[in-house]
Number of protein chains: 2
Amino acid sequence: MNTDFSSAISAAPAFSLARAMPSNEHSTHSPREALMELAGPPRGYARGQHLFHAGDRDANLYFVESGSVKLYGITAGGAEQIFGFCLPGELFGLDVLGGPVHGCSAGVLEQTMVRALPVPEIRALYQRVPAVQQGIHRLLARRINELYDQMMVLSKKHADERLAGFLLGLDARLSGPQCKVHKLQLSMSRYEIGCYLGLALETVSRLLRRFDDEGLTCTRARRIQLCDIERLGALAGQTMASTAMITSLKFSA
Amino acid sequence: MNTDFSSAISAAPAFSLARAMPSNEHSTHSPREALMELAGPPRGYARGQHLFHAGDRDANLYFVESGSVKLYGITAGGAEQIFGFCLPGELFGLDVLGGPVHGCSAGVLEQTMVRALPVPEIRALYQRVPAVQQGIHRLLARRINELYDQMMVLSKKHADERLAGFLLGLDARLSGPQCKVHKLQLSMSRYEIGCYLGLALETVSRLLRRFDDEGLTCTRARRIQLCDIERLGALAGQTMASTAMITSLKFSA
DNA sequence: CGACGCATTGAACTGGTTCAAAACTCGTGG
DNA sequence: CCACGAGTTTTGAACCAGTTCAATGCGTCG
């Protein structure tokens with residue numbers, strides 16, 4: 001399978017895994033390399049396909065090569081709640097480390113390449129390269145802190161603050177910290193943004209319009225340019241600290 | 001320090017840690033025992049005191065002997081968001097495993113006994129008893145699934161569903177599955193319940209009144225009896241599966 | 001007892017939802 | 001190349017669950 005899907009998202013830096021897997025071991029393998037050697041071949045998936053569903057007995061973690069994936073659950077009432085979006089260079093499905101089954105579903109948002117990492121082999125690797133386990137611990141713990149942040153967003157922030165934060169977060173993860181252009185090609189619909197932010201899709205649409213009118217963004221369907229990072233950040237209530245956090249949290253469960 | 005604080009919460013079963021720490025090692029120590037040997041002596045705290053604040057460089061996990069603790073963060077706007085309540089037998093502060101600092105604050109809700117487990121010693125123990133690390137992994141991963149649940153609550157459920165689910169969850173954790181009485185002595189204020197559920201304290205108060213009027217509960221200040229578990233469960237949208245989940249998730253980060 | 005913190009209750013308000021319909025995008029095939 | 005059509009997105013208008021503000025009531029701990 002080829003890898004030239006013409007998506008802005010695919011252009012994100014791969015192997016940011018390095019930040020979470022310390023490479024203080026100067027032997028044959030760094031922990032990151034050791035872990036990635038377990039990964040199966042990249043496999044292609046199309047929008048709507050799934051890597052796993054909540055409750056599946058599938059002992060694999062997954063690594064995004066290119067494209068994007070949503071993690072979500074279905075409430076008792078049948079509504080969808082998105083727990084996070086996974087972008088290139090990120091690992092997901094971490095919650096399966098807690099037991100035999102996945103606690104959420106993973107659906108593909110666009111043409112996407114993914115590699116599987118078998119959990120039993122990861123566990124076996126702990127013996128040989130103890131630092132790998134450290135790295136996994138770190139990913140799990142960071143994911144918990146990401147979710148704490150998201151809980152604050154869902155229960156305390158206003159719609160416009162949620163959306164501004166979402167756009168800035170996506171931009172930071174896709175483009176890296178020192179990128180100047182701030183153009184995003186969204187792989188998710190307004191409905192999916194709403195599912196993630198706890199808003200109706202109409203609210204997302206109206207808000208994007210308002211941001212455009214106020215000169216914060218320039219939106220053309222799913223192509224969004226962030227024109228005023230400063231004011232978006234002020235709206236989102238971001239401190240320098242929280243911006244730094246985003247870049248250090250390149251991983252998802 | 002004595003341990004006879006007259007709180008219903010203190011009567012909860014200790015050492016439910018067993019469920020998360022597999023004891024397939026029949027040597028001198030079970031993983032759970034090995035872990036608990038690292039714990040310092042029980043120390044007493046009063047309402048309002050803290051075990052740690054977000055950002056503290058404190059490399060300890062904590063185990064609740066008796067009493068209760070809230071984990072919370074403060075939003076950019078200065079509002080409090082409670083991430084969870086920790087009850088006897090539960091371990092918290094797990095997010096410090098991801099780095100040098102805690103990602104949330106831990107405040108004591110009533111007279112409480114807590115034991116500290118130093119993270120470096122836990123790591124050292126991994127070498128001797130590999131199953132301990134497995135157990136910690138499991139706790140982290142389960143905590144992620146708990147937070148997924150809470151995100152669904154915060155963004156999709158109505159106020160009455162949130163409160164019903166909260167009361168049932170507390171009851172299950174405090175009394176064990178086969179307890180008949182369903183009487184709770186809350187250690188948190190209406191305000192704190194609201195902070196956890198994403199509601200105003202007035203809404204919590206009004207709803208408790210409505211539950212009483214409808215015969216679901218019998219409330220007298222912080223003493224609440226759940227009179228109709230069936231209907232509360234229906235309101236909360238709980239399936240058998242989700243009830244089973246609660247008991248298997250005895251731990252918090 | 002007296003007082004302060006907590007809880008209850010009422011009334012007005014509002015941010016975001018819901019429902020409904022029109023307009024747009026983009027892939028597909030004629 | 002353009003027209004078609006399904007799925008998205010936009011926009012408008014009414015509505016409502018829960019909040020906010022403001023008193024009043026209760027309990028419990030000096």
Side-chain angles (χ1 to χ4, degrees), chain A residues 5-7 46-48 70 75 77-81 107 109-111 153-164 166-167 184-213 217-224 235, chain B residues 5-7 46-48 70 75 77-81 107 109-111 153-164 166-167 184-213 217-224 235:
Chain A
F5 303 120
S6 53
S7 153
R47 163 140 192 125
K70 66 174 174 182
T75 65
E80 176 175 345
Q81 172 65 42
L109 292 174
E110 63 188 314
Q111 194 58 253
V153 169
L154 288 176
S155 93
K156 298 288 199 282
K157 294 212 177 185
H158 285 193
D160 52 0
E161 300 170 325
R162 298 184 198 196
L163 187 60
F166 172 72
L167 293 174
L184 301 175
Q185 166 73 284
L186 300 184
S187 60
M188 65 290 285
S189 67
R190 304 286 190 264
Y191 171 75
E192 286 165 326
I193 296 173
C195 281
Y196 179 60
L197 297 177
L199 300 172
L201 67 96
E202 292 95 329
T203 305
V204 175
S205 182
R206 274 185 257 267
L207 242 25
L208 282 172
R209 178 61 141 88
R210 210 188 77 196
F211 286 178
D212 273 26
D213 290 348
T217 59
C218 189
T219 306
R220 183 71 129 246
R222 292 195 184 179
R223 194 164 305 251
I224 300 186
L235 227 190
Chain B
F5 304 120
S6 55
S7 152
R47 163 140 192 125
K70 66 174 175 181
T75 65
E80 175 176 345
Q81 172 65 42
L109 293 175
E110 63 188 317
Q111 194 57 255
V153 168
L154 289 176
S155 93
K156 297 288 199 278
K157 293 212 179 186
H158 286 191
D160 52 359
E161 301 170 325
R162 297 185 199 196
L163 187 59
F166 172 72
L167 293 174
L184 302 175
Q185 167 71 281
L186 300 183
S187 59
M188 64 291 284
S189 67
R190 303 287 189 262
Y191 171 75
E192 286 165 325
I193 296 173
C195 281
Y196 179 60
L197 297 177
L199 300 171
L201 67 95
E202 293 94 330
T203 306
V204 175
S205 184
R206 273 185 257 267
L207 242 25
L208 281 172
R209 178 60 140 89
R210 210 189 77 196
F211 285 179
D212 274 25
D213 290 349
T217 60
C218 189
T219 306
R220 182 71 134 245
R222 291 195 183 182
R223 195 164 302 255
I224 300 187
L235 227 190

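Side chains included, hydrogens not; waters and symmetry mates left out as well; all remaining heavy atoms used. Throughout, a chain's letter reflects where its sequence line sits, starting with A, and its residues are numbered from 1.
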Next item on the list: Take atom CG of B/L208 and atom P of C/dA7, then tell me their distance rounded to the nearest Å.
Entry: 10 Å
Checklist line | Enclosure of A/R47 CZ (heavy-atom neighbours >12, cutoff 6.0 Å) | finding: yes
Margin query: If you compare every side-chain N and O of A/R209 against the phosphate oxygens of D/dT11 (OP1, OP2), does one of them come in below 4.0 Å?
Written below: yes
Next item on the list: May I have the distance from B/R223 (atom CZ) to C/dA7 (atom C1'), rounded to whole angstrom?
Entry: 16 Å
Next item on the list: Rounded off to whole Å, could you give me the CZ-to-P distance for the A/F211 and D/dT10 pair?
Entry: 13 Å
Item checked: B/R223 CZ: over 12 foreign heavy atoms closer than 6.0 Å -> no
Next item on the list: Taking only the side-chain nitrogens and oxygens of A/R222, find out if one of them lies under 4.0 Å from OP1 or OP2 of D/dT9.
Entry: yes
Margin query: From the set C/dT25, D/dT9, C/dA7, return the single nucleotide nearest to any side-chain atom of A/S205.
Written below: D/dT9
Notebook entry, point to check: What is the distance from CG of A/L197 to P of C/dT17, rounded to the nearest Å?
Noted result: 10 Å
Check: B/R190 has an atom CZ; how far is it from atom C1' of D/dC26, in whole Å?
Finding: 12 Å
Checklist line | Between C1' of D/dG25 and CZ of B/R220, the distance in whole Å | finding: 15 Å
Next item on the list: Choose from D/dG18, C/dT9, C/dT17 the nucleotide whose nearest atom is closest to any side-chain atom of B/A159.
Entry: D/dG18
Check: Given atom CD of B/E110 and atom P of D/dC29, what is their separation to the nearest angstrom?
Finding: 13 Å
Next item on the list: Could you tell me whether B/G194 contacts a base, only the sugar-phosphate backbone, or nothing, with contacts defined as non-hydrogen atoms closer than 4.0 Å?
Entry: nothing
Note to self: Taking A/G198's backbone N and O only, do any of them form a donor-acceptor pair with B/K156's side chain (distance below 3.5 Å, no angle check)?
What the structure shows: no
Note to self: Tell me whether the side-chain N or O atoms of A/R206 pair up with the base of C/dT18 as donor and acceptor below 3.5 Å, since no angle test is needed here.
What the structure shows: yes
Margin query: Please check: side-chain N/O of B/R162 versus main-chain N/O of B/K157, any donor-acceptor pairing under 3.5 Å?
Written below: yes
Notebook entry, point to check: Is B/E110 paired with B/R222 through a side-chain N to carboxylate O contact shorter than 4.0 Å?
Noted result: no
Check: Is a donor-acceptor pair below 3.5 Å formed from side chain A/E202 to base C/dC19, judging by atom type as modelled?
Finding: yes
Item checked: Most 5' of A/A221 and A/T203 on DNA chain C, judged by nearest nucleotide -> A/T203
Next item on the list: Determine the contact category for A/L201: base if any of its heavy atoms lies under 4.0 Å from a base atom, sugar-phosphate if only primed atoms, P, OP1 or OP2 are that close, otherwise nothing.
Entry: base
Margin query: What is the distance, to the nearest angstrom, from the OH atom on B/Y191 to the P atom on C/dC4?
Written below: 22 Å
